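Working notes, beginning with the structure itself.
Everything quoted here is computed from the prediction, not taken from an experiment. All residue numbers in this chain count up from 1 along the given sequence.
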Amino acid sequence: MSRVVVCGSLNMDVVVQSARRPAAGETLLGGKVSFLPGGKGLNQAIASARLGFPTTMRGAVGNDAFGRTLRKFLTENGINQGGARVVDGPATGVALIQVAEGDNAITVASGANMHFTAAMVPQIPSPSIVWVAQFETPVAVTETIFGRARAVGARTILNMAPFVPHPVRLLKKVDIVVLNEIELSQAVGIDLDAGSALGEIVAACEKLRALGPSTIIATLGRRGAVVVTADGATRVAALKAKVVDTTGAGDCFVGALAARLAAGATAVEAARYANAAAACSVERLGAAPSMPTTREVAARLARA
């Protein structure tokens with residue numbers, strides 16, 4: 001059976017909700033704080049697992065209370081916590097998330113995530129595995145893991161978030177790239193934003209695809225997504241949602257995409273499913289805790 005392996009970050013998200021964001025130098029009272037499991041890697045693994053697909057998490061946490069909480073959370077969601085290796089010294093990663101007016105701003109202290117190594121990932125055993133990684137762990141480690149995966153014919157998905165400098169040769173080892181407009185702009189050196197025309201987005205995706213990946217998926221927030229392959233561009237329409245917190249929506253998309261690809265869906269089919277999963281996730285607070293179930297995504301698709 002195909003399965004999903006997510007190699008990436010595990011963070012404790014410290015979420016502060018307020019009516020608005022404070023101005024520089026301002027102290028704003030009346031906020032509400034929550035401590036929630038997160039990190040792009042953990043979020044994506046939870047998204048895949050909650051959608052009923054066999055999922056493994058590979059990453060690193062500190063030898064501290066946050067690390068123990070995150071490992072326990074993996075177990076509670078059907079993921080073996082043994083893949084989250086405990087490292088002595090650095091603290092577990094922490095993300096400080098300010099949620100206001102339906103959007104968020106995030107600062108990350110990577111901690112143990114930057115001590116994740118390729119040695120923490122056993123040799124790739126099967127071409128049926130879908131491998132997922134992001135840019136919240138060392139790029140060189142992702143390159144090594146993806147190189148091993150491609151050597152046995154396994155598929156690889158790279159979420160280029162948050163964008164960091166990387167060798168172009170890494171993209172030769174990637175089948176599918178997922179990124180938003182800002183990350184796409186950074187990746188190809190073209191000015192893009194949330195208001196950029198779809199044609200400009202597609203042209204940028206084609207430029208990135210020319211570097212190696214067979215498929216580029218640009219997530220466009222309220223505009224949905226676009227999937228660019230050798231056969232052209234396919235628009236995936238956005239679904240209506242009562243937005244509470246957008247934190248983790250992109251991660252939900254990636255995890256759901258990986259699960260559907262492992263189940264045999266095409267990139268476009270998987271993107272449509274992932275789009276519905278992300279629409280479910282934004283209606284709840286937090287990242288990993290907001291990931292939907294198969295039943296919830298099916299209900300959302302039925303209403304589309």
Distance only, no hydrogens: is a donor on one side chain within 3.5 Å (strictly under) of an acceptor on the other, for [X] and [Y]?
X	Y	answer
Asp175	Ser214	no
Thr56	Arg3	yes
Thr247	Asp245	yes

- Task: Examine distances only and state if a side-chain atom of Arg155 and a backbone atom of Val174 form a donor-acceptor pair shorter than 3.5 Å.
- Result: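 Side chain of Arg155 to backbone of Val174: no pair is present.
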- Item | Donor-acceptor contact below 3.5 Å, side chain Ser48 vs main chain Ile46 |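 Side chain of Ser48 to backbone of Ile46: no pair is present.
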- Query: So, are Lys172 and Glu143 salt-bridged, with charged N and O less than 4.0 Å apart?
  - Reply: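 No, Lys172 and Glu143 are not salt-bridged.
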Taking only distance into account, with no hydrogens and no angle test, what donor-acceptor pairs under 3.5 Å do side-chain atoms of residues 297-304 form with protein atoms, sequence neighbours excluded?
{"residue": "Arg300", "atom": "NH1", "partner": "Lys240", "partner atom": "O", "Å": "3.3"}
{"residue": "Arg300", "atom": "NH2", "partner": "Glu283", "partner atom": "OE1", "Å": "3.0"}
{"residue": "Arg300", "atom": "NH2", "partner": "Glu283", "partner atom": "OE2", "Å": "3.2"}

- Contact check, side chains of Val228 and Thr215, non-hydrogen atoms, under 4.5 Å: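 The answer is no; the side chains never approach within 4.5 Å.
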- Message: On a heavy-atom basis, which atom in Ala278 and which in Ala249 lie closest, and how many Å separate them?
- Response: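 Looks like CB-O, 3.6 Å.
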- Residue Asp193 excluded, over 12 heavy atoms near CG under 6.0 Å: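 For Asp193, atom CG is crowded (more than 12 foreign heavy atoms under 6.0 Å).
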- Specify whether Phe135 and Phe163 have parallel, tilted or perpendicular ring planes, treating 30° as the upper limit for parallel and 60° as the lower limit for perpendicular.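 Answer is perpendicular, since the angle exceeds 60°.
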- Task: Sorted by first residue and then second, give each side chain to side chain donor-acceptor pair (under 3.5 Å) pair with at least one member in residues 17-46; sequence neighbours left out.
- Result: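 For residues 17-46, and leaving out neighbouring residues, the side chain to side chain donor-acceptor pair (under 3.5 Å) pairs sorted by first residue read Ser18-Gln98, Arg20-Glu26, Lys40-Asp251, Asn43-Asp251, Gln44-Gln134, Gln44-Asn159, Gln44-Asp251.
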